[in-house]
S.K.: 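Please see the structure below; I have some questions.
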Amino acid sequence: MTAAGSRRTPAQPWPDSAAARIASSGACRDLPPELGPDAVSVLEGRTFMFSNAAGDVPKGSIGGLVHDDTRFLDRWELTIDDLPLLVLGSGTVDAFSAAFFLANAALPTLPANRVGVRRQRFVGDGLYERIELRYFGIEPVEFRLRLLVGTDFADLFEIKESGRDRSTEIVRSHEPDRSVLCFAYRNGDYSAAVRVRADPAADELDGDSLVWRLRMSRGQAWRCELRVPLRCGDEDLIPVARTFGDVFERDTEDPSTRWLAAKPMLHATSDRLVAAYRKSTADLVSMRIEKRIRGEPVVLLAAGLPWFMTIFGRDSLITSYQTVALGPDVARGALLVLAAHQARDHDDFTDREPGKIFHEFRSGELTQLGLKPYQPYYGGADTTSLWLLLLSEYWRWTGDDGLAVELRPNAEAALRWIDEFGDLHGRGYVGYATRSLEGLGNQCWRDSGDGVQFADGTIPALPIATCETQGYTYDAKLRIAELADGPWRDPELARRLRAEAAALRDRFNRDFWVPERGGYYAVGLDGDGRPIDSMTSNMGHLLWSGIVPPDRARLVADQLMSDEMFSGWGVRTLSTDDRGYNPIGYHLGTVWPHDNAIIAAGLARYGRHDDAYRIISAMLEASSYSEHRLPEAFSGYDRTFGRRPVPYPTACNPQAWASGAPLLFLRTLLGLDAVDGRLVVEPHLPDTLGRVRLLGVPAFGRRWNIEAEGTHGEVLPAA
């Protein structure tokens, strides 16, 4: 309980509790820059590794080898005679691989740049790394090559913040032949272990370092292979030896190969559009997670590197919507996994309520021991409506009446949560206020502590109902009414849901509309029912949901495309006229690709195709400055500030819903939709984009080819 006069806010959900803290969930990430601006990351599935440009992970940094929310290596440094190597060049090759080209620093007996070093790194169920040396000096030379290894078995949340020192509890049992370093840790029921196997074996073990004493003559080469298998509880993970490009060369029975090969092929006049599409599909493959639900293998996507290599309700649902034209498998996986964990009871620690869809699932030590609420955590006000929306979208694209009927009890439980537990104000709006001392203050997509605020910068009191969540709920009820009319055969439910949606639309447009500043929608209502009057990009989500009347849609579109909102690279999360505006504030002026993809789709829904293309064109150009990959967010500086978008300093890269954005852009440009068991294409392609062909689109159990140019398009059965 809080004392009289003490208001709970997202920034301080428990202002009078000394035990309370704001759960970061990755939202607040003011991280030290010790890995440098050229840090290199590689990932596959639940495994990733961060290092500096030399491939090193210095002790005490945020880098390391992480699998399933546990860091298995927190030190990985290669030296020659104890000096770091010089970087000639480095970077990723595939999502799961990187190459580092290095040389020796100047030594008393060896000038700089006489020993060339190449490190080839591959992750996936552990780490596989090759080190190759070549000597280009005149006279023979002797030196010591050292690999410093360390582990702290830190939980992901401790990597981001701070954690306890486990060093005295880590058991070392290195092999006497100097070929293997072994580390193991146990805390109650939680256990983890890692081994570093070297071939050839080291000449010396120095603590946790492998040391090779090398003598090299001109032109001589030396090579070492390092394999780092992991053990998580009872699960053994063995990395495989790879070569670059393996993602395309693996056995055709490899699940990732089959998954990628099944995706539609894009051919277009615009090289940027094709490049962004291909980069996005490759990144989505790298974030692919396989699970089994009731014996059925399913595929879904992790949310993003580095902090979100796990399942997130909101992110998974939006990404599934963005990518449904690539195939329904990701949507099906998300629906089944989230339904399997749908809440059935109340629990304050995890913000759980009957019918609610979870927000985040974690597997690290702190979660397994019950110190964190993430197995799973339900602090998301929008995930339940988004699950309903995706159920409808999956059904529209597949005609899968069977799954729609199977998941009806989950859908009805979700609707009950919306009506019975989601309405914290008693005004008919879905809102949030955490009940957990470890809970999130803001439980919308703007989930940083200051992500929702008044125009004067004041943080509102809880509970809060944000505008886009009401739009999602409106859309969800209309969509579920279609299911009720269709495979559920319940016309009475359909009538009730349509009536509820109409009532929500009417009261929403009464309570959330702000007539000042030319007219716009408040980002939310605070605990007293007052409009939170900052001007945000969330208005664009309202266009996507269809809750905006046509006369107000014109005003909203004009606001979104104004100089205060549109940076030239995309729509900002917050207007430059608002006091809280900060171009490098996480939700206070940055530009988010997934946000802009939803906005562009919303603008097109209301006929503002030129504005939609203006956003899409800016985003595609922005991607060309980052190897055609869209990161989680850009800084919100105006386009005139620099010749390229200014990076947001700690953006996830790649991130699933950012990688999904180009796919939704493509769908918006094509006007591609599934309606009444058929594909519809109503393109609005500017002349600069030329002709677009999307071949092999899976829908209704068949494959289709889409061909479009200008405002003309057709759907043809694939051969």
Side-chain angles (χ1 to χ4, degrees), residues 26-31 33 37-39 41 272-273 275-277 279-280 283 303-308 315 318-319 322 445-448 450-451 535-541 560-578 580-601 603 611-665 668:
C28 303
R29 291 168 296 172
D30 297 325
L31 300 178
D38 299 320
S41 60
R272 277 183 181 162
L273 181 61
Y277 177 87
K279 185 67 171 178
S280 290
D283 282 340
L305 181 75
W307 309 126
F308 304 112
D315 299 56
I318 289 178
T319 306
Q322 292 171 322
W445 87 264
R446 309 169 70 94
D447 59 358
S448 52
D450 58 0
M535 186 181 291
T536 71
S537 60
N538 291 30
M539 291 187 295
H541 296 231
L560 291 167
M561 303 310 298
S562 68
D563 290 343
E564 292 75 24
M565 291 295 295
F566 187 72
S567 74
W569 298 112
V571 177
R572 299 180 177 97
T573 45
L574 185 66
S575 167
T576 58
D577 280 348
D578 283 37
Y581 168 73
N582 177 357
I584 52 175
Y586 194 47
H587 296 108
L588 300 179
T590 46
V591 173
W592 290 59
H594 93 278
D595 191 28
N596 276 264
I598 290 172
I599 293 168
L603 289 165
D611 289 333
Y613 178 66
R614 188 179 173 197
I615 290 173
I616 293 170
S617 176
M619 284 270 133
L620 293 177
E621 183 179 354
S623 76
S624 70
Y625 292 105
S626 52
E627 299 180 337
H628 302 286
R629 171 190 286 165
L630 287 170
E632 176 186 22
F634 299 112
S635 295
Y637 291 106
D638 192 81
R639 191 181 179 114
T640 60
F641 190 76
R643 297 177 61 185
R644 59 178 62 197
V646 178
Y648 178 73
T650 56
C652 282
N653 201 358
Q655 189 193 46
W657 63 10
S659 295
L663 310 182
L664 185 53
F665 290 150
T668 298

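Keep in mind it's a predicted model, so treat the numbers as computed, not measured.
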S.K.: Tell me the closest heavy-atom pair linking Ala661 and Pro593, and the distance in Å.
M.R.: CB-O, 3.7 Å
S.K.: Pick from Tyr581, Trp592, Phe566: which one makes a side chain to side chain contact (heavy atoms under 4.5 Å, CB included) with Arg572?
M.R.: Tyr581
S.K.: Examine distances only and state if a side-chain atom of Thr573 and a backbone atom of Gly589 form a donor-acceptor pair shorter than 3.5 Å.
M.R.: yes
S.K.: Looking at every non-hydrogen atom in both residues, tell me the closest pair between Val571 and Leu560 and how far apart they are.
M.R.: CG2-O, 3.8 Å
S.K.: So, does Thr590 use its side chain to make a donor-acceptor pair with the main chain of Ile584 at under 3.5 Å?
M.R.: no
S.K.: If you measure only the distance, is there a donor-acceptor pair under 3.5 Å linking the side chains of His587 and Asp450?
M.R.: no
S.K.: Heavy atoms only: give me the nearest Ala633-Ala651 pair and the separation to one decimal.
M.R.: O-CB, 3.8 Å
S.K.: Let me confirm one number: the CD1-CD1 distance from Ile616 to Ile599, rounded to the nearest 0.5 Å.
M.R.: 11.5 Å
S.K.: Working to the nearest 0.5 Å, report the span between CD of Glu564 and CG of Asp577.
M.R.: 4.5 Å
S.K.: How many angstroms lie between CG in Asp315 and CH2 in Trp445, if you round to the nearest 0.5 Å?
M.R.: 10.5 Å
S.K.: Do the rings of Trp569 and Tyr625 sit parallel, tilted or perpendicular, given the 30° and 60° boundaries?
M.R.: perpendicular
S.K.: What pair of heavy atoms forms the shortest contact from Ala656 to Gln322, and how long is it?
M.R.: O-OE1, 4.2 Å
S.K.: Kindly say whether Ser659 contributes a backbone atom to a donor-acceptor pair with the side chain of Ser280 at under 3.5 angstrom?
M.R.: yes
S.K.: Which heavy atom of Pro631 sits nearest to which heavy atom of Ser626, and what is that distance?
M.R.: CD-OG, 4.4 Å
S.K.: Quick one: CE on Met565 to OG1 on Thr576, what's the gap to the nearest 0.5 Å?
M.R.: 9.0 Å
S.K.: Kindly assign one of parallel, tilted or perpendicular to the pair Trp657 and His594, based on the angle between their ring planes and the thresholds 30° and 60°.
M.R.: parallel
S.K.: Looking only at heavy atoms, what is the nearest atom pair of Gly580 and Leu588, with distance?
M.R.: O-CB, 3.6 Å
S.K.: Does some side-chain heavy atom of Asp283 sit less than 4.5 Å from a side-chain heavy atom of Arg629?
M.R.: yes
S.K.: Between Met561 and Leu603, is any pair of side-chain heavy atoms under 4.5 Å apart?
M.R.: yes
S.K.: When the ring centroid of Tyr648 is compared with that of Tyr586, is the distance short of 6.0 Å?
M.R.: yes
S.K.: Tell me whether Ser617 contacts the main-chain N or O of Arg614 through its side chain, where contact means a donor paired with an acceptor under 3.5 Å.
M.R.: no
S.K.: With heavy-atom distances below 4.5 Å as the criterion, would you say the side chains of Arg446 and Ser537 are in contact?
M.R.: yes
S.K.: Side chains of Thr668 and Tyr613: closer than 4.5 Å at any heavy-atom pair?
M.R.: no
S.K.: Do Gln655 and Leu630 have side chains that get closer than 4.5 Å, going by heavy atoms?
M.R.: no
